[in-house]
Amino acid sequence: METTNLTLISANFTSKSLVSANNGFCIQSPPLLRQRRRKIPLIKASVATVEKKVALIRIGTRGSPLALAQAYETRDKLMASSSELAEEGAIEIVVIKTTGDKILSQPLADIGGKGLFTKEIDEALLNSEIDIAVHSMKDVPTYLPEKTILPCNLPREDIRDAFISLNATSLGDLQAGSIVGTASLRRKSQLLHRYPSLSVLENFRGNVQTRLKKLNDGVVEATLLALAGLKRLNMTEHVSSILPIDDMLPAVAQGAIGIACRSDDEKMANYISKLNHEETRLAVACERAFLLTLDGSCRTPIAGYACRDEDGNCLFRGLVASPDGTKGDKKE
């Protein structure tokens, strides 16, 4: 503790201390009274500095509520897989805004396709601004950026689509001319194939909450959303009915979460490999191979779903259709 010497002047003086001077008075210290010095301890205020712990893993993700739910799911699984990752501050979630999130006024196909939901996150990964990237697998292009790998898929959620409406319980209950909002050519094509009397509002984009608000505001009579996302957001109360895959084949890799890292980062690869669900990974790989072979894009209505049959064999269903739903070839 530091101390500082201060000099105090005694205020104890007698009447002899008062001396007349030019009809006034002045104060003089008594000759025998000496100035006293005392040591008074001064406590210096100190501010405790807390160093922020450097995260062992920085998770890169989009900032939508669904993307964040997927990032938190990944974080929780990582924490459960390793004691060092369970410590406070060991995992940090880094939100990255992608071009696909910024531009909502145009169809994805017009601004570059699905890669616009992953491009900036991939760049952050390659620049070592994050350590792993969490993606919705149906947003991931069939190619991966050089020097990145995607060795992990979390257990897949429900792959079906949900029908949501304020006035109808199913697509079949909608009156002719009713408007259904969707930005997916896959959904539009299959919907019009079965219900040609309905109309589709294209470029019905935005996160789940945005699209539900548009529905509540009367912009459309109904919409279709991935059931997996609604489950992850705990928002299944909005579902009017669930569409069977015979009526609405899902998007390639729908309901699957993928985790990517740099190809030279063995430590991260080891962390995320513990989370991999091999059956999901194989199914997703099969579906993406189908999409790659067809050179599919956001301009082509393509659907695909792989799973195991009762005998453990791989069963695959695929669809290539026309945007207006007049042509469609569904194969198993």
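Heavy atoms only: backbone and side chains are in, while hydrogens, waters and symmetry mates are out.
- Looking at heavy atoms from C-beta onward, Arg262 lies in side-chain contact with Leu125 at the 4.5 angstrom threshold.
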Glu287 and Gln254: CA distance, side-chain angles, deciding distance, side-chain contact (heavy atoms from CB on, under 4.5 Å) verdict: CA-CA 10 Å; Glu287 295 167 20; Gln254 182 159 304; over 6 Å; no

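- Of the possible donor and acceptor atoms, none in the side chain of Thr118 sits under 3.5 Å from a partner among the backbone N and O of Val140.
- When all heavy atoms of Gly63 and Val95 are compared, the closest pair comes out as CA-CG1, 3.5 Å.
- With hydrogens and angles disregarded, no donor-acceptor distance shorter than 3.5 Å links the side chain of Glu120 to the backbone of Ile96.
- For the pair Thr182 (side chain) and Ser184 (backbone), a donor-acceptor distance under 3.5 Å is present.
- Here the side chain of Glu92 pairs no donor or acceptor atom with the backbone of Arg58 at under 3.5 angstrom.
- A distance-only check finds no donor-acceptor pair linking the side chain of Thr236 to the backbone of Lys231 [under 3.5 Å].
- For the residue pair Ser170/Asp173, the side-chain donor-acceptor check at 3.5 Å is satisfied.
- Within the 4.5 Å cutoff, no side-chain heavy atoms of Asp247 are placed close to those of Leu171.
- A donor atom on one side chain and an acceptor atom on the other are not found under 3.5 Å apart for Thr61 and Gln70.
- Side-chain contact check for Leu174 versus Tyr195: every heavy-atom pair is 4.5 Å or farther apart.
- Scanning all heavy atoms of the two residues, the minimum distance from Ala306 to Phe316 falls at CB-CD1, 3.9 Å.
- Taken from CE in Met248 to CD1 in Ile242, the straight-line distance is 13.5 Å, to the nearest 0.5 Å.
- Donor-acceptor pairing under 3.5 Å is recorded for the side chains of Thr210 and Asn207.
- No donor-acceptor pair closer than 3.5 Å links the side chain of Asp311 to the backbone N or O of Asn313.
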Using distance only, find each side-chain donor-acceptor pair of residues 143-155 under 3.5 Å and give its atom names and separation, not counting sequence neighbours.
{"unit_1": "Thr148", "atom_1": "OG1", "unit_2": "Pro145", "atom_2": "O", "d": "2.7"}
{"unit_1": "Asn153", "atom_1": "ND2", "unit_2": "Ile257", "atom_2": "O", "d": "3.2"}

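- Grouping the Ile, Leu, Val, Met, Phe, Trp and Tyr side chains by contacts below 4.5 angstrom, directly or via other members, places Tyr305 with Leu319.
- No path of Ile, Leu, Val, Met, Phe, Trp and Tyr side chains, each step under 4.5 Å between heavy atoms, connects Leu68 with Leu230, placing them in separate hydrophobic clusters.
- The CD atom of Glu87 sits 8.5 Å away from atom OG of Ser82, with the distance rounded to the nearest 0.5 Å.
- One hydrophobic cluster, built from ILVMFWY side chains closer than 4.5 Å, holds both Ile57 and Ile259.
- Residues Ala133 and Ile121 approach most closely at CB-CG2, 3.5 Å, considering heavy atoms.
- Inter-residue side-chain proximity for Val180 and Phe163 is flagged as unmet; no heavy-atom pair is nearer than 4.5 Å.
- In this structure, Lys138 and Ala226 approach most closely via the heavy-atom pair NZ-CB, 4.0 Å.
- Using a distance-only test at 3.5 Å, with no hydrogens or angles considered, a donor-acceptor pair links the side chain of Ser273 to the main chain of Ala269.
- Put simply, NE2 on His135 and CZ on Arg62 are 10.5 Å apart, with the number rounded to the nearest 0.5 Å.
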Steps toward side-chain contact (heavy atoms from CB on, under 4.5 Å) verdict (Asp161, Arg186): CA-CA 11 Å; Asp161 282 317; Arg186 171 190 64 85; 2.9 Å; yes

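- Atom CD of Glu237 has more than 12 neighbouring heavy atoms from other residues, nucleotides or ligands inside a 6.0 Å radius.
- For the atom pair His238 NE2 and Leu166 CG, the distance stands at 10.0 Å (nearest 0.5 Å).
- A heavy-atom distance below 4.5 Å is found between the side chains of Val208 and Met235.
- Remark: side-chain polar atoms of Arg211 are paired, donor with acceptor, to backbone N or O of Gly206 under 3.5 angstrom.
- The heavy-atom pair separating Ala303 from Val252 by the smallest distance is C-CG2, 4.4 Å.
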CA sep, side-chain torsions, deciding dist, call: Arg187, Val200, side-chain contact (heavy atoms from CB on, under 4.5 Å): CA-CA 10 Å; Arg187 290 181 177 131; Val200 173; over 6 Å; no

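- Here Glu84 does not pair with Lys267 in a salt bridge; the nearest charged N to carboxylate O distance is not below 4.0 Å.
- Both Ile272 and Ile91 are part of a single hydrophobic cluster, where members link through side-chain heavy atoms under 4.5 Å apart.
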side-chain contact (heavy atoms from CB on, under 4.5 Å) between Lys188 and Glu202, worked out: CA-CA 8 Å; Lys188 174 188 174 182; Glu202 298 183 37; 2.4 Å; yes

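- Judged purely by atom type and a 3.5 angstrom limit, Asp158 uses its side chain to pair as donor or acceptor with the backbone of Arg160.
- Taking CG of Leu249 as the start and OG of Ser189 as the end, the distance is 11.0 Å to the nearest 0.5 Å.
- The OG atom of Ser165 lies 10.5 Å from the CG atom of Leu224; values are rounded to the nearest 0.5 Å.
- Hydrophobic clustering (ILVMFWY, side-chain heavy atoms < 4.5 Å, transitive): Leu243 and Leu227 are in distinct clusters.
- Judged purely by atom type and a 3.5 angstrom limit, Glu221 uses its side chain to pair as donor or acceptor with the backbone of Ile179.
- Pairs passing the salt bridge (charged side-chain N to carboxylate O under 4.0 Å, His left out) check and including a residue from residues 66-83, sequence neighbours excluded, read Glu73-Arg232.
- Smallest separation of non-hydrogen atoms from Met268 and Cys261: CB-CB, 4.0 Å.
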